[in-house]
Amino acid sequence: MGVGATMQSLAEILSSDSGSLVLGLAALVAMAAPFVDRYFIRRRRLTFRVLYNSKIGLSPIDLHDGENGSAQADPQLERTARLLSRMSVVVIRIHNTGGFDIAPEDFEIPLSFTFGSRIVWDARVSDATDDGLRQHVREGLEFFTRESQPVESAKLSRVRALLPKRLAGVPAPEAPEWHGVRLARLSLKRKEKFKLVVVLRESGGDGEISKEIDHHARLAAGRIKDDRKQRRFGWPVLTTAVGVLLTGALLATLIVSWSRPAATAQCATGKLSVEGSSAFVPIIDRIAAEYHGQCDGAAITTRATGSVTGVRALAPVGAAGKDELAVLSDGRSGEAGPDLEAKAVAVVVYSLVVNRAAGVDRLTTQQVKDIFSGRVRDWDQLRPGPSVPIGIVGRGQESGTRKTFEQKVLGGAEDRLTSDSCREPERDPAAATTRCERGTTAEVLTEVAAVPGAIGYADVPAAKTAAARDQQVAVVQLDGRYPDVTSIAAGYRFWTVEYLYTKGVPDGASVLKRFLDYLASPTARAELQDAGYTPCVTKDGLLDPLCTRGDI
């Protein structure tokens, strides 16, 4: 394919609905990346900057007086000058520049500084945000030896006790040579800062005083940076710039698309009731509202009755009302007779959900079978930790979700009902496991959130919404695979195809026929994708391969 053809294809993709969505997401990701990194991934940030690193001593030559330097300086002063001539001072500013407080336990390795061949003689804390911080840092300040020597460390008080001897030139054999300072148990509130002042002496002879400074630390879920080494045009600036460019491209694409005539639905006048699957009725209700917005003569109502109940209600409908009722079924219905037509709408992936008190985030198919058969009755049989009795929240026999669960996961029927409350097995006080049933997906998720140790199942979009809304609900991996349409090829088994059943072929001018056509439109496909479902009809009008094998 030539460059021209490639660019033309790219332009077509970007001008499509999905292209605009991808462009918008790319812009959002690019602009949000620095903020996600700062506030969610590496939420804690500690920066330091070396403000001063220089010699502080006098040259002994400067102490002589007279034109020819014949006047001799005081011996004590000269000895002090020679001592100071090999000394230097380092000032380091340390600042919590992140959006979160930093506690001692956040450090995997405490922050420490070494100074090449220079030996630490003293240190102090200055310009702290407040006196409490200054005292806290002083109490945690430690001095340590080289790794090549027997490792020792000391507090500030011990180092200062030996300082007079060192200044007087008195040997102190009990004093190791400290080559670094460590900020042990450091905690900094957001925006707090202080300066660390370190007095050093070169250990060598009369050569140049080194200015080497190294730091060593690791901050969990955070970053420690040398402020002077941060690049002006680092990746946060670049990603933000890319995001701005993509946003400009998106706006240009939207302006072009708005200038085109909008696609309109084929409208019809009349009424239609869509019933059945409680898992799928909410998204169909949203699509019906979109259709009604373009076709106000069409009155479409929805009702969650359960897949099995819905198909049973459709079977006896006569010719007069056959175009006024359609039924949603999770998977093909065994109740459907030869006079019912099935249209594949979307791929539906389901997930097991648990109350977080269960303490698990993954299960195997065999473990699920053991739970629902009553062989496993407490979560401590599946993971280390405290005893938490298992409570099962299932769906009624009218549910297509339950049918899919029994077929794809259990390989058989669920056990008997033992409870109405989901808290105690009041129907069968001798039952080892409490098992209740609820009529809709929403009710199942509500009970799972309310009952410690509960387990249930729901379609993935509803499960994720519940988990985001209520921290007591957790989505569970099955056989090591996360519940997602992309996991199906790897063997994830808990999924099916959503079908819309009609009584025979709808009349071409009916609301039912026009609404079925609308379900294959770009608008309806976008609604399904936004809700977390994979449309069976692709943008090319073909059937997604998954929708031909949903009942295997």
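Between Phe405 and Tyr457, the ring planes lie parallel to each other; the angle is under 30°, not in the 30° to 60° tilted range.
Under the 3.5 Å distance criterion, the side-chain polar atoms of Asp459 are matched with a main-chain donor or acceptor of Ala462.
Interatomic distance, CD1 of Ile287 versus CG of Leu519, reported as 5.5 Å (0.5 Å rounding). If you take CZ on Arg332 and OH on Tyr501, they are separated by 5.5 Å, rounding to the nearest 0.5 Å. Here Thr97 contributes atom OG1 and Ile224 contributes atom CD1; the two are 10.5 Å apart, rounded to the nearest 0.5 Å. From Gln381, atom CD reaches atom CG of Asp370 across 9.0 Å, with rounding to the nearest 0.5 Å. Taking CD1 from Ile455 and CD from Glu447, the interatomic distance works out to 15.0 Å, rounded to the nearest 0.5 Å. Here the straight-line distance linking atom OG1 of Thr502 with atom CG of Asp323 works out to 8.0 Å at 0.5 Å rounding.
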- Message: What verdict does the side chain to side chain donor-acceptor pair (under 3.5 Å) test give for Asp378 and Ser387, after you've listed the backbone C-alpha separation in whole Å, the side-chain angles of each residue and the deciding distance to 0.1 Å?
- Response: CA-CA 6 Å; Asp378 196 291; Ser387 169; 2.6 Å; yes
- Query: Please walk me through it: do Asp479 and Thr364 pass side chain to side chain donor-acceptor pair (under 3.5 Å)?
  - Reply: CA-CA 4 Å; Asp479 296 324; Thr364 66; 4.8 Å; no
- Message: Run Arg44 and Asp106 through salt bridge (charged side-chain N to carboxylate O under 4.0 Å, His left out) and show every step you take.
- Response: CA-CA 9 Å; Arg44 297 172 178 83; Asp106 294 324; 3.1 Å; yes
- Task: Could you give me the CA-CA distance, side-chain angles and deciding distance for Arg427 and Asp420, then say whether salt bridge (charged side-chain N to carboxylate O under 4.0 Å, His left out) is met?
- Result: CA-CA 7 Å; Arg427 280 177 171 258; Asp420 293 323; 2.7 Å; yes
- Message: Is there a side chain to side chain donor-acceptor pair (under 3.5 Å) between Glu324 and Ser273? Walk through the geometry before answering.
- Response: CA-CA 6 Å; Glu324 296 182 356; Ser273 176; over 6 Å; no
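Figure legend: Arg218 and Phe107 shown without cation-pi pairing, the cationic atom not lying both under 6.0 angstrom from the six-membered ring centre and within 45 degrees of its axis.
With a 6.0 Å radius and a threshold of 12 heavy atoms from other residues, nucleotides or ligands, Glu105 has its CD atom above the threshold.
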